[in-house]
Amino acid sequence: MRIAITGGAGFIGGNLAHALASRSEISHIRVVDDLSTGSRANLEGAAVEFFEGSVLDPGLLDRVFRGVDSVVHLAALPSVPRSVRDPLASHHANATGTLQVLEAARRAGGPQVIAASSSSVYGLNPHLPKHEELRAAPRSPYAVGKLASEAYLTAYHHCYGLPVLPFRFFNVYGPRQPAGHAYAAVVPTWIGALLTGQPLVVHGDGNQSRDFTYVETVCQVLGAAAVGRVVHPDPVNLAFGTRTSLRALIAELESATGLRAEVRYTAARVGDVRNSQADNTRLRALFPDVAPVPLPEGLRLTVDWFRSAPDAVRAGVGRVDGSPDQVIPSPVSRMRRKPDTGHR
Ligand code: NAD
């Protein structure tokens, strides 16, 4: 079978390309990516056909989707704070980009479309664990764009019979996740800080909790979904219901690195979700055979990767987002932040 991955040069996309390339059922992989946050280096060694460009380009999508059986749509501008700073760019890439992908899929004769939504759609709803029937309460442009994306998938299933599968990812971590940029996620940032002898900065008391999923587990589910042509018009949480506090994460990282962390606590941020934990009943029903990589093992593998790729650690001291998907910067911190002229 033939698969197209949008955003395939990113963290999850690069891992997915490598995972799919090793599966015998898959004969050809195409990747489309505009390299806005991803990198060609993430695809090194994977047999893929690469198309540089945007999912906002319908002509390009027509070439990429021609003859494919499945599309895994991962292209997006991730990060809540980034969307707060530039809501239109976030909306174009995430919501309009998904609509363009769905239209191109329709023109291509209706390949399966699997797409990445996010736990951020639950917003500040305090109910735990988060099950898919909970009322969505997005609190950021990023979350609104993701909610629109998954709703478009559902609508395309009902209006045009498109075989779709919207996933809500929670906190994904693992090799190829960049450490040294302003919107870096907590796991790579803290590994980078530990390996370079810098303090780990915690916003709040560190008792806030997250549901971490190792990227290989995510790729295992995505691969099974494509090969098994799994269709589910409504969103499916892709996480395993674990609940790890940031304090516990620090202890796990100390154990994975064999290093002692210097921890600095700073003020909690406005809008920071206190706890996030998935109900994965729906996922388990669709993918009963998937066995998640436990956190200690996943962290050890991630640390090993960072140690083998010193460039990835470089400047691993970016601003820490306790949860890149669920943190809204306070208005004060937004006002104080200097304009970001860096490449993202
Ligand atoms: P990433 O930034 O590493 O990957 C996104 C990729 O999309 C990048 O390679 C980027 O260059 C590409 N891209 C962005 N805009 C594009 C466009 N207009 N056209 C083509 N390519 C474009 O992020 P990731 O962590 O790998 O996330 C993958 C997906 O999973 C995203 O949709 C993200 O919102 C979602 N997600 C991730 C997490 C997480 O914890 N990493 C959590 C929830 C949801």
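Computed from a prediction, not measured in an experiment: that's the story for all the values here. Note that ligands are numbered from 1 as they come in the structure, with each ligand's atoms numbered from 1 the same way. Computed from heavy atoms alone, side chains included, the values below leave out hydrogens, waters and symmetry copies.
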For [X], is at least one N or O under 3.5 Å away from an N or O on ligand 1?
{"X": "Ser39", "result": "no"}
{"X": "Gln177", "result": "no"}
{"X": "Asn171", "result": "no"}
{"X": "Val55", "result": "yes"}
{"X": "Gly13", "result": "no"}
{"X": "Ala93", "result": "no"}
{"X": "Leu56", "result": "no"}
{"X": "Pro78", "result": "no"}
{"X": "Val32", "result": "no"}

Given [options], which one has a non-hydrogen atom that is nearest to [atom]?
{"atom": "atom 2 (O) of ligand 1", "options": "Val215, Val121, Asn94, Thr37", "result": "Thr37"}
{"atom": "atom 29 (C) of ligand 1", "options": "Ile5, Thr6, Leu74", "result": "Leu74"}
{"atom": "atom 22 (C) of ligand 1", "options": "Asp34, Val186, Leu77", "result": "Asp34"}

>> Walk me through whether Leu283 and Phe167 qualify under side chain to side chain contact (heavy atoms under 4.5 Å, CB included).
In response: CA-CA 9 Å; Leu283 182 81; Phe167 278 120; 4.0 Å; yes
> Would you call Glu132-Arg168 a salt bridge at under 4.0 Å N-O?
Replying inline: no
> Below 4.0 angstrom, N of the basic side chain to O of the carboxylate: do Glu133 and Arg282 qualify?
Replying inline: yes
What atoms of ligand 1 come within less than 4.0 Å of a heavy atom belonging to [X]?
{"X": "Leu35", "value": "11 (O)"}
{"X": "Ala9", "value": "9 (O)"}
{"X": "Gly7", "value": "6 (C), 7 (O), 9 (O), 12 (C)"}
{"X": "Ser118", "value": "43 (C), 44 (C)"}
{"X": "Gly10", "value": "3 (O), 4 (O), 8 (C), 9 (O)"}
{"X": "Lys146", "value": "31 (C), 32 (O), 33 (C), 34 (O)"}
{"X": "Tyr142", "value": "33 (C), 34 (O), 36 (N), 44 (C)"}
{"X": "Gly53", "value": "19 (N), 20 (C)"}

> Which is it for Ser117 and ligand 1 at heavy atoms under 4.0 Å: side chain, backbone, both or neither?
Replying inline: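 Just the backbone.
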Close side-chain approach of [X] to [Y], heavy-atom, < 4.5 Å:
{"X": "Glu297", "Y": "Leu295", "answer": "no"}
{"X": "Tyr122", "Y": "Asn237", "answer": "yes"}
{"X": "Arg229", "Y": "Pro163", "answer": "yes"}

> How many angstroms lie between CZ in Arg23 and CD1 in Ile3, if you round to the nearest 0.5 Å?
Replying inline: 8.5 Å
>> For the CH2 atom of Trp190 and the CG atom of Leu200, what is their distance to the nearest 0.5 Å?
In response: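 Going from the CH2 atom of Trp190 to the CG atom of Leu200 covers 6.0 Å.
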>> Quiz question: by atom type and distance under 3.5 Å, do the side chains of His73 and Thr98 form a donor-acceptor pair?
In response: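 Indeed, the side chains of His73 and Thr98 share at least one donor-acceptor pair under 3.5 Å.
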> Does the side chain of Asn207 come under 3.5 Å of the side chain of Ser245 through a donor N or O and an acceptor N or O?
Replying inline: no
Could you tell me if any non-hydrogen atom of [X] lies under 4.0 Å from any atom of ligand 1?
{"X": "Ala185", "answer": "no"}
{"X": "Tyr173", "answer": "no"}
{"X": "Gly97", "answer": "no"}

>> Please identify which of these residues, Thr217, Leu238, Val218, Asn280, meets the side chain to side chain contact (heavy atoms under 4.5 Å, CB included) condition with Val290.
In response: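 That would be Thr217.
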> Linking Ile, Leu, Val, Met, Phe, Trp and Tyr by side-chain heavy atoms under 4.5 Å, what else ends up with Leu162?
Replying inline: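 Besides Leu162, the cluster holds Val32, Phe51, Val55, Leu60, Leu61, Val64, Phe65, Val68, Val71, Leu99, Val101, Leu102, Val113, Tyr152, Leu153, Tyr156, Tyr160, Val164.
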> In terms of hydrophobic clusters joined by side-chain contacts under 4.5 Å, are Val303 and Tyr214 together?
Replying inline: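 Yes: a chain of side-chain contacts under 4.5 Å links Val303 to Tyr214.
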>> Between Asn171 and Asp211, does the side chain to side chain contact (heavy atoms under 4.5 Å, CB included) criterion hold? Intermediate values first, please.
In response: CA-CA 6 Å; Asn171 282 70; Asp211 194 341; 5.9 Å; no
